[in-house]
Amino acid sequence: MDPDWTLRAEAICAACGGHCCTGACPPLCDERIRAILAHGDYARHIDSGGYRYIRTKENGECAMFEDGKCRIHAVKPETCMAGPFTFSVIDHTIGIFLKNESICPLVGHLLSDPAMYAMQYQRAVDSLRDYNRT
């Protein structure tokens, strides 16, 4: 991925305040859980209720969101890596969608740069495919 784009995207995400980190309970595969636990003592932040996921705090924020950023950014869940794309499963088919720009300010930047849009979309597809393999 283009280093300039990555730096710009990280700056946009850092300035956002974590809109996508509110109300999120991203699913976790076995491999991702191992990576998160190797990154720090986060077992208390992982729960299961039909699937394994990161808990939310009382205020609705992801348990890994602290001081305006992700504590596990380097090993964050696949669905977080896919952002600002998101997905839903309908009739055993995964649909990938771009979030609304009011939720993610990165959307406008992706829409104005077709090459980066294509790269991030492929990253989303790869992340979700990798999750499905475990």
Side-chain angles (χ1 to χ4, degrees):
M1 188 167 269
D2 177 13
D4 290 337
W5 168 256
T6 301
L7 290 174
R8 188 169 42 146
E10 287 181 7
I12 292 165
C13 288
C16 164
H19 290 193
C20 64
C21 299
T22 300
C25 295
L28 301 169
C29 65
D30 292 339
E31 182 179 331
R32 190 59 47 164
I33 290 172
R34 285 190 294 276
I36 290 169
L37 296 178
H39 195 72
D41 184 20
Y42 297 118
R44 69 186 180 284
H45 298 306
I46 298 172
D47 204 351
S48 62
Y51 68 99
R52 290 155 313 166
Y53 59 91
I54 296 175
R55 294 179 176 176
T56 55
K57 299 183 260 185
E58 279 189 33
N59 66 0
E61 291 176 348
C62 174
M64 299 299 182
F65 187 71
E66 186 174 286
D67 298 327
K69 56 187 167 185
C70 179
R71 291 190 284 177
I72 58 167
H73 184 78
V75 294
K76 63 187 176 181
E78 291 88 341
T79 55
C80 300
M81 288 179 153
F85 290 94
T86 188
F87 73 99
S88 67
V89 179
I90 301 170
D91 295 326
H92 305 289
T93 301
I94 295 176
I96 299 177
F97 306 94
L98 189 60
K99 291 179 181 175
N100 188 298
E101 193 168 4
S102 66
I103 295 171
C104 180
L106 192 55
V107 169
H109 295 272
L110 280 178
L111 291 174
S112 70
D113 189 333
M116 292 290 59
Y117 181 99
M119 287 179 72
Q120 186 60 23
Y121 180 82
Q122 189 59 52
R123 185 178 182 195
V125 169
D126 293 346
S127 293
L128 295 172
R129 183 181 52 238
D130 290 346
Y131 173 83
N132 198 34
R133 287 184 185 155
T134 58

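For the numbers below, each heavy atom of this structure counts, side chains included, while hydrogens, waters and symmetry mates do not.
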If I compare all heavy atoms of Glu101 with all of Val107, which pair ends up nearest, and what's the gap? CA-CB, 4.0 Å
Evaluate the ring planes of Tyr53 and Tyr51, with Trp represented by its six-membered ring, and classify them as parallel (under 30°), tilted (30 to 60°) or perpendicular (over 60°). tilted
Just so I know, are the side chains of Pro77 and Ile72 near enough to count as touching, which here means a heavy-atom distance under 4.5 Å? yes
If you take all heavy atoms of Thr56 and Cys25, which pair is closest and at what distance? CG2-SG, 3.8 Å
Salt bridge (charged side-chain N to carboxylate O under 4.0 Å, His left out) with Lys57: which residues, sequence neighbours excluded? Glu61
Give me the atom names and distance for the closest heavy-atom approach of Ile103 to Pro105. O-CD, 4.0 Å
Restricting to ring-ring contact (aromatic ring centres under 6.0 Å, His included), what partner residues turn up for Tyr121, sequence neighbours left out? Phe85
Should Ile54 and Leu28 count as side-chain neighbours, where that means a heavy-atom distance under 4.5 Å? yes
With the 4.5 Å side-chain cut-off for hydrophobic clustering, are Ile33 and Tyr42 part of the same group? yes
Shortest non-hydrogen contact from Thr79 to Pro27? OG1-CD, 3.8 Å
Approximate separation, where rounding is to 0.5 Å, of Leu106 CG and Lys99 NZ: 10.0 Å
Greater than 12 external heavy atoms within 6.0 Å of Lys69's NZ: no
Mind checking whether Leu37 and Ile46 have side chains closer than 4.5 Å, heavy atoms only? yes
Do Cys104 and Cys20 have side chains that get closer than 4.5 Å, going by heavy atoms? no
With sequence neighbours excluded, residues passing side chain to side chain contact (heavy atoms under 4.5 Å, CB included) with His73: Glu10, Cys70, Lys76
Can you list the residues that meet the side chain to side chain donor-acceptor pair (under 3.5 Å) rule with Asp113, with sequence neighbours excluded? none
Taking the side chain as every heavy atom from C-beta outward, state whether Met119 and Gln122 have any pair of such atoms under 4.5 Å apart. no
So do the side chains of Met64 and His39 get within less than 4.5 Å of each other, counting heavy atoms only? no
For Gln120 and Gly83, work out which heavy atoms get closest and say how close. NE2-O, 2.6 Å
Between the side chain of Arg55 and the main-chain N/O of Arg44, is any donor-acceptor distance below 3.5 Å? yes
What residues form a salt bridge (charged side-chain N to carboxylate O under 4.0 Å, His left out) with Glu66, not counting sequence neighbours? Arg71
Using the salt bridge (charged side-chain N to carboxylate O under 4.0 Å, His left out) criterion, which residues pair with Arg34? Sequence neighbours excluded. none
